[in-house]
Structures are given as structure tokens and as C-alpha cells.
Amino acid sequence: MYRWSCSIAIAALLTAFQTSTAQAPPPPADGVTLLQAGKFEEARASFEATLTTTPQDQQAQDDEVKASEALALRERAAGNRVEALRALIRAQDFAPRNARLLFDLGILDEEMQLYRDADKALTQAIQIDPDNPQSYYGLARAQIYEGELDAAEQNMKTYLKARPGDASAHYGLGRIYQLGMRFDQARDEFQRSIDLQPVQTEAYYELGDIALKQNDYAAALGYFQKVLARDGKHGGALAGAGQAFFRQKQYPEALDNLRRAVAVAPDYQPGHYYLGLTLSRLGQKEESDKELLTAQKLADEDNKNGTRRFEVIREPPSH
């Protein structure tokens, strides 16, 4: 539910079309004119016509990728991620070994929780262009969700060698350590993220979560309060603070935080669970039973969906 920003990867996708247009030699006049006019479908058709007769034309491949990126970005901005993905998949049929296209595919796959596809695309991108640090960042993110923590750690470290001042990546490495129960190393990375970017919430939240897991409730509350001072509707911090108060038998304080938690994050299972326990301690059995039942339903839904992945047929449309 609480994932660190993928702004680096998405920013790279958003700027790829703009920067590559300035760097590459101009394509045939008809294609480039259409592209510059924002007629991306027509431009793509022009480049594909060239590639149908001369499939090894590197310039036409690059232009096909530019047009497809523009189409994908337009669809994504409109909320049509499936169509954005189809546009990139179609381009892959004409430019199967274009590192930038593979990067775009991997980032969009990861955003759509198609983690295996993201892993495959980004691994291929690195094989073709091992000097793009953002591919390692994206691959590490996908591998975290695949549970491949050792590989994710190595790829995030590779990224950080190139970009040591990236607060988001230090946060990501901290999450990897946290998931592997390496709490001391996780704390160091979260603190490094805060040192680099003091105005944030997520590293403070994770430090609070670690303190909570280690039964240091006072420290946990301190971190969660830092989060809530900046974002009073952070459901995880509200639920965490409620749990810390509950563990210290401060039930009225727990009740206040947990009611707020389920109001802003109604699908966050721990909030309902600890609200149910708190209500039980306060003698409100009927409402307690209702919250615990909601928590159980959410847990069952999470378990049922745990391995479900959205799928897109990875074949380009006929053309």
C-alpha cells in the first residue's frame, strides 16, 4: 500500500521522447513532420512502412520507438495504461533490441504490477545498455515485489554507485533490508534518505514500523508523529500510532488514531484489526466484532489476490 515514489523512472520515460528527438538525426521528412505535429499514429505508420521493407533500418527503429513512446505517454496520462502498454509492445515487434523501449516497457510493467514482465524487460535493457543506472533502479523495484531480495539489493546498490545522493534509492535499499529482517541496515538507509531529503514522510514511517516491530513503542510514536505532522491522513502512521498506544494499554488514544486510520484508509487491514481489539478492551463488543470481521475479510481478499496478476496479451495488433 505504501510504496516509495517511482518519479525517477517515470520522469525518464516522460523525457525520453523529448531528449531523443534532439539527439538523433532527422527521420524521413514525412515521418518527422507528422511526429512534430503530434500526429503520432500517422508518424508510427510511416516508420512501420519503412521497417516492413527494411527491418534493420536503425534510424526507422529509433523513430518507431519515439512515436510509440509519445502514444504510450498520451494513453497513460489519460489513465489508459493497457493501451499505453499495447503501444510499447507493438513497437517491440519492430525494434526488439531497443534499450530505451525495453526500459519503458519495464517501468510500465512494474507500475501495472506485471513484475515478471518488468524483470524480463529491464534485464534485457541492461544487457543491451549496461550504463543506464535507471534500469537497475527499476529492476530492483520489480525484484522486491517478486521477493528476489538478494538480486534487488545488488541492483539497487549498482544504481546507488552511480547516484549516491538519491534519497528515494536509499529508501528503497532500506525497504529491501527491512523485508529481509535486517533492521540495523534498514535503519541506516532510512536515516540516510532523511538526511538527503528531510522533508518527507515514508522513511520516518518505516523507522516507526521497525520500532513497532521491536516493541519500542515510544520511539515508534515519535516517528509516526513526524509523519502525521506533515500528512495528517497517512493511514499507515495513524494505524501504527494506534497500535503503539494499544500495546501500551492507552486505549482511548489508540481508539482515536485507529478510527482516523480506517476513515482515510478503509482497505488497510491492520487498522480494522487493531480497532477491533481496542473496542473489545473498551467493552464495545458489537462494534469490535464488526471491525474484526472486516479485518478478516480484507485478509482473505489479500490472500486470494496475492498471486493474481493483471495480464495483457503480449502480441502487437495486426498492421
Pairwise distance [atom1]([X]) to [atom2]([Y]) - rounded to 0.5 angstrom:
| X | Y | atom1 | atom2 | answer |
| --- | --- | --- | --- | --- |
| L258 | Y268 | CG | OH | 11.0 Å |
| S68 | F94 | OG | CZ | 9.0 Å |
| R100 | K66 | CZ | NZ | 7.0 Å |
| T54 | Q59 | OG1 | CD | 11.5 Å |
| Y177 | I210 | OH | CD1 | 12.5 Å |
| K39 | R44 | NZ | CZ | 16.0 Å |

Are any of the side-chain heavy atoms of [X] and [Y] separated by less than 4.5 Å?
| X | Y | answer |
| --- | --- | --- |
| K233 | R260 | no |
| L292 | L279 | no |
| K285 | D289 | yes |
| L101 | L88 | yes |

When you look at OH of Y217, are more than 12 heavy atoms from neighbouring residues, nucleotides or ligands closer to it than 6.0 Å?
yes
Could you tell me whether N215 atom CG has more than 12 heavy atoms of other residues or ligands within 6.0 Å of it?
yes
Less than 6.0 angstrom separating the ring centers of [X] and [Y], yes or no?
| X | Y | value |
| --- | --- | --- |
| Y137 | Y159 | yes |
| Y251 | F246 | yes |
| F190 | Y171 | yes |

E42: which residues meet the salt bridge (charged side-chain N to carboxylate O under 4.0 Å, His left out) condition with it, sequence neighbours left out?
none
Looking only at heavy atoms, which two atoms of G242 and A254 are closest? And how far apart?
O-CB, 3.4 Å
May I ask you to list the residues sharing a hydrophobic cluster with L102, side-chain cutoff 4.5 Å, ordered by chain and number?
I128
Same cluster or not: are M156 and L179 linked, directly or through other Ile, Leu, Val, Met, Phe, Trp or Tyr residues, by side-chain heavy atoms under 4.5 angstrom apart?
yes
Note: K297-E301 ion pair, threshold 4.0 Å (strictly below)
no
Residue pair D209 / Q178, side-chain donor-acceptor N/O under 3.5 Å
yes
Using only heavy-atom distances, determine whether the side chains of D117 and Y115 contain a donor-acceptor pair under 3.5 Å.
no
Applying side-chain contact (heavy atoms from CB on, under 4.5 Å) to R192 and L196, what does each step give before you reach the verdict?
CA-CA 6 Å; R192 177 61 174 153; L196 290 165; 3.9 Å; yes
